[in-house]
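Each ligand, and each atom within it, is numbered from 1 in the order the structure gives.
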Amino acid sequence: MILHRDVVIIGGGISGLSCAWWLARKGIRTTILEQADRTGGLIHSTRKDGYVTDHAASMILNFNARVSQFIEQSGLQQHRIERNNISRRYILKGDALKQVPESLRGLLFSDLFSLKTRLQLLTEPFRSRTNSDSESVADFIRRRLGQEILDLAIDPYVSAVLASDPEQACARSVLPRLTALERQFGSISAGILLKKLIPGKRGLAQQAFSFNGGMRTLTEVLAENPLCEIQTSQQVMALEPARNGWRISSHSDTREQQILARQLILSTPAPVAARLLKPLQPELSRLLEQIRYAPIAQIHLGFDQAGLSPVMQGNGFLLPSSAKTPLRGSLFISNLIDQRAPAGKLLSSHFIGGAKQPDALLQSDDQLLDQTLAALNKLCGLKQNPEMTRINRHAQGLPLYHGRYHQLTQAIQQTAMTTNGLHLVANYLQGISIRDRILQASQVADQVSLQLSGQLSAASSHSLSLTQSCIKQP
Ligand SMILES: Cc1cc2nc3c(=O)[nH]c(=O)nc-3n(C[C@H](O)[C@H](O)[C@H](O)COP(=O)(O)OP(=O)(O)OC[C@H]3O[C@@H](n4cnc5c(N)ncnc54)[C@H](O)[C@@H]3O)c2cc1C
């Protein structure tokens, strides 16, 4: 049997689910085909021994009004937990963790950065600008803010949070807001200042939050969308162009099915999209094949709070790629978000892997645990063993925005646009964060709605003219 649907979304991660939500707001029905036995993709949470651990994302950082609207109107607001207002972040200087001052003033007067770097920050508006689209993060930061800012602040963020390599990462794709400030205002610091002064330019104050029960609540609430039919354990195997849209072949353990859809949204990782599109769109497939991913292991540990050092009572720390440990960073989750650990306990999450450790996942759980505990012992003076351990492995953790990534994603989007009824929404385009996923999904929903209404009005005028010609028949 062949099913007929207006819009089919392949992949039920946050990108696909958000797209279905934005389309439902326009009254458009969707069908999600998801190969796993649950929706959420990378996002999932598990309760173990009273600890709630997130399998990938643990928090949303937002400064965009459209994302706030999404959270409020999707019913997620009531589940929201704000991040606690502690601000004790640490970075590695030499062999020791140092607390990062909270304000820019504090930063300028601290001894974290040398006098030369502090003067460089003050003279940043007078540096020359470039229009290069392919400059690396490392070159961009060195040019504007100096080597020390790169080593102490930006490298740890790019290596730990994005699992990337600052020497290879494309500045325009990885630091879109900073590079846009240079393009618009000629300088990062002048841009930040002017944005604060120009009415209407100031964005929302940054919010950081999670949800009761963990991040899985985000995707579970979105999966309750009444205008979205969700088919889990349904792996899409092939796509074919069909009259007025697409023929989508998928199968589960028990059945095979075909759907004819007017609009198709591909919301899978890039290698899956490349494979599905290869027979029909070889050029697009070739571009998608160029996207590489970094492996990430996330090691969740539960500790007794008694006797933990001040560092482990803070937010966490990020380590530069030059640090002599495979650990890239640690978050002390239950200090930041309530209800994640039993009373008197600490839930911590630690990251190993990334672009510079491609073999990280070849290690056993015991090895990953030993490396994490050795680093915590050295950096935070940790003496106790964890009372809870849980390890999540992501072989394709995050897409690496490396090389001429800006040009690559532009080429991907332009090529996809030439195919009517095909849309890509996924974390290899326009940002990996959940905030960026929700925003890209909103843009794609607008395009789908426009194309669908064109198709539906063409179909209704076609059937009207058929009816009229039938009426005219003697
Ligand atoms: C360790 C880690 C920590 C992170 N922390 C944060 C954080 O704190 N905050 C933040 O904002 N972001 C964070 N992120 C990033 C964020 O979680 C991801 O970018 C985002 O969840 C990706 O969502 P997605 O829907 O694009 O992709 P995915 O979640 O990968 O979803 C793709 C879906 O497609 C399905 N699929 C694949 N092939 C097929 C097929 N043939 N047929 C049907 N279905 C298919 C998959 O099963 C999957 O469900 C983190 C990521 C990682 C890895």
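Within 4.0 Å of atom 47 (O) of ligand 1, at least one protein heavy atom is present.
Remark: ligand 1 and Ile296 share no N or O pair separated by less than 3.5 Å (distance only, no angle test). Taking distance alone, with nitrogen or oxygen atoms compared against 3.5 Å, Gln35 approaches ligand 1 more closely than that limit. Residue contacts with ligand 1: Gly16 is placed with no nitrogen or oxygen under 3.5 Å of a nitrogen or oxygen of the ligand (distance criterion only). Between Ser15 and ligand 1, an N or O atom pair is found at a separation short of 3.5 Å. Close N/O approach between Val236 and ligand 1 is found [any backbone or side-chain N/O within under 3.5 Å]. By the 3.5 Å distance cut-off applied to N or O atoms, Arg275 is not counted among the residues near ligand 1.
Of the charged side-chain nitrogens involved, none lies within less than 4.0 Å of a carboxylate oxygen, so that Glu289 and Arg286 do not count as a salt-bridged pair. One finds no salt bridge joining Glu220 and Arg38 here, because no Lys/Arg side-chain nitrogen approaches an Asp/Glu carboxylate oxygen to under 4.0 Å.
Closest to atom 50 (C) of ligand 1 by heavy atom, among Gly13, Gly41, Ala57, is Ala57. Checking Leu42, Ile14, Ile43 against atom 30 (O) of ligand 1, the nearest heavy atom belongs to Leu42.
Every residue two or more places apart in sequence or in another chain that forms a side-chain contact (heavy atoms from CB on, under 4.5 Å) with Lys48 is listed here: Met388. Partners of Pro156 by side-chain contact (heavy atoms from CB on, under 4.5 Å), not counting sequence neighbours, listed by chain and number: Leu318, Pro320.
Contacts of Asn427 with ligand 1, taken as heavy-atom pairs under 4.0 Å, involve both backbone and side chain. Contacts between Ile60 and ligand 1 below 4.0 angstrom, taking non-hydrogen atoms only, are absent altogether. When heavy-atom distances to ligand 1 are checked against a 4.0 Å cut-off, Gln234 comes that close only through its backbone atoms N, CA, C and O.
Between His55 and His44, the angle of the ring planes goes over 60°, which puts this pair in the perpendicular group of the 30/60° scheme.
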ask   = How far apart are the C-alpha atoms of Ser233 and Asp37, what are their side-chain angles, what is the distance that settles it, and do they pass the side chain to side chain donor-acceptor pair (under 3.5 Å) test?
value = CA-CA 5 Å; Ser233 305; Asp37 60 1; 5.7 Å; no
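Annotation: cation-pi geometry not satisfied between Arg328 and Phe351 (NZ/CZ under 6.0 angstrom from ring centroid, within 45° of ring axis). For the pair Arg66 and Trp22, the cation-pi test (distance below 6.0 Å, angle within 45°) is passed.
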